[in-house]
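Written out below as structure tokens is the structure these notes cover.
Each chain gets a letter, A, B and so on, in the order the sequences are listed, and its residues count up from 1. On a predicted model such as this, the values are computed, not experimentally measured, just so you know.
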There are 2 protein chains.
Amino acid sequence: MSPATPVVFIVDDDPSICRSLLRLVRQTGFEGHSYGSAEEFIEVQKGPLMRPACLVVDLQMPGLSGLELQQHLQQGAARCPMIFISGNGDIPSTVRAMKHGAVTFLTKPFDNADLLRAIGEALERHRAELSSDRQVRQVRDRMAELTERELQVMSWVITGALNKQIAAELDIVEKTVKVHRARVLEKMQAQSVAELVRLCSLAGFAAATSGSAVD
Amino acid sequence: MSPATPVVFIVDDDPSICRSLLRLVRQTGFEGHSYGSAEEFIEVQKGPLMRPACLVVDLQMPGLSGLELQQHLQQGAARCPMIFISGNGDIPSTVRAMKHGAVTFLTKPFDNADLLRAIGEALERHRAELSSDRQVRQVRDRMAELTERELQVMSWVITGALNKQIAAELDIVEKTVKVHRARVLEKMQAQSVAELVRLCSLAGFAAATSGSAVD
DNA sequence: GCCGCTATTGGACCTTGGGCCAATAGGCCG
DNA sequence: CGGCCTATTGGCCCAAGGTCCAATAGCGGC
């Protein structure tokens, strides 16, 4: 929850653009780093980002293009919102970038205020994403400590099934279910079934074959 | 769940485009309707859409533009995915359309296959949206039947609070909480607290001041 | 004033959940 | 082979949830 300074990464093959943008973001109070190519950025920024960040990237560059960089990052660890800038971008590129989650697509020459607005939005988006990811990871970590049996029991508990029903389902005695259930709540650090349900839904953990009340 | 034929609305001020697109979508097996202006479409399509639908709309039109139509629909009942087509669209328009949820933005002349692909995606998206909306509406309807007191009790029940705690919180006797709790489960058609939690989270109903296990 | 809805409470009774202590059995590792 | 972990079960007991029947009180409407 530490308010680490947001960082803005700039990827452009034109050094003068890099310098100019760096100056702008630093003046605004962000940390800034620039890279002359997508490959260079990928090389340097391998691990997952631990603080709010965003990318300002040129569409056309020698080597990997902005769109290719976007695609590359989406399946990597260093995902973060991207802002595209381009001197002569086209609509198909814009559509593709936006469909893949770009914050915006600016055409040169652009207004500094527009870029800063976009950066603000990107950082905010990333902040929310990081926070959500942290929660999910935390829940997943706890879930990883469960034994296979406990996982099975949990998947039934969160459907609202009674211990008796779970016991029948797993072909064990009700007493055993109680033991597992208790350990599940303990390991998951949930004070109640309601909270357990919440945690599981947060982590995208599906309940066992349950009948939902809504079609 | 009836597999009603999907419908494609076409909004373009050029009658020949309308005719041509209508022919295309009808040939493909969809129902098609065309309108010569955004206003005309708005006038005809007031109520909420009950089956998969999408809009193919020209960016520039006399009167309301495609973007303005998009904005208008977003706060109305007849929301549905939009596909923009334009002879001379620009990147800012594209960005704006995409940020507001457009499926894609095609430039004339475009490939029929591209349009059909986009229509397919739009209809699929709308199908999912309709299904999700239906669920939410169903839960909301049930919730609307709850008395104020029952609503209060529910908001505590889904935090996992004990009847005793809820009683203290609302300054009533535990017995009363049990009565409300039972009526809540009945009215919400939930077989268990777990299911109730799920329903509430689906409908975006927040729990009472609860302490979550995740920060 | 009577009726219906809602909120509230009481009591009796049964079912469930959960904690505590203890024990057996299989599998894995040093 | 003796620990350690996991799964499993038993008994005992208490707390909490759920159900049925019943009753009082306030409030708006006919």
Just the rounded figure in Å: distance from [atom2] of [N] to [atom1] of [X].
X: A:K187; N: D:dC5; atom1: NZ; atom2: P; result: 11 Å
X: B:Q165; N: D:dG17; atom1: CD; atom2: P; result: 9 Å
X: A:E174; N: C:dG18; atom1: CD; atom2: P; result: 11 Å
X: B:Q191; N: D:dG18; atom1: CD; atom2: P; result: 12 Å
X: A:N163; N: C:dG19; atom1: CG; atom2: P; result: 11 Å
X: B:R183; N: C:dC5; atom1: CZ; atom2: P; result: 11 Å
X: A:E148; N: C:dG27; atom1: CD; atom2: C1'; result: 14 Å
X: A:Q152; N: D:dT6; atom1: CD; atom2: P; result: 15 Å

Of the options [options], whose atoms approach the side-chain atoms of [X] most closely?
X: B:H180; options: C:dA7, D:dT9, C:dT16; answer: C:dA7
X: B:L185; options: C:dT9, C:dG17, D:dG18; answer: D:dG18
X: A:V179; options: D:dG17, C:dT16, D:dT9; answer: D:dT9
X: B:E150; options: C:dT9, D:dT9, C:dA7; answer: C:dA7
X: A:K178; options: C:dG18, D:dA7, D:dG17; answer: C:dG18
X: A:R181; options: D:dT8, D:dG10, C:dG18; answer: C:dG18

Nearest-nucleotide 5' precedence on DNA chain D, B:K164 against A:E145: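 Whichever sits nearer the 5' end wins; that is A:E145.
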Parallel, tilted or perpendicular: rings of B:F41 and B:Y35 (30°, 60°):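 Ring orientation, 0 to 90° scale: perpendicular.
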N/O (side chain, A:R149) to phosphate O (OP1/OP2, D:dT6) under 4.0 Å: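 A:R149 to D:dT6 OP1/OP2: no side-chain N or O under 4.0 Å.
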Phosphate-side-chain proximity, A:T147 and D:dA7, N/O vs OP1/OP2 below 4.0 Å: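 Yes, such a contact exists.
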Of A:K175 and A:L162, the one whose closest DNA chain C nucleotide lies more 5':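 The residue whose closest nucleotide sits nearer the 5' end is A:L162.
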Would you say the side-chain atoms of [X] pair up with the backbone N or O of [Y], donor to acceptor, closer than 3.5 Å?
X: B:R140; Y: B:A203; answer: yes
X: A:Q70; Y: A:A97; answer: yes
X: B:E39; Y: B:L64; answer: yes

Stepwise salt bridge (Lys or Arg N to Asp or Glu O under 4.0 Å) check, A:R125 with A:E121: CA-CA 6 Å; A:R125 194 192 287 191; A:E121 184 187 336; 3.7 Å; yes
Sugar-phosphate only, base, or nothing, as touched by B:T176 at under 4.0 Å among non-hydrogen atoms: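 Here B:T176 touches the bases of the nucleic acid.
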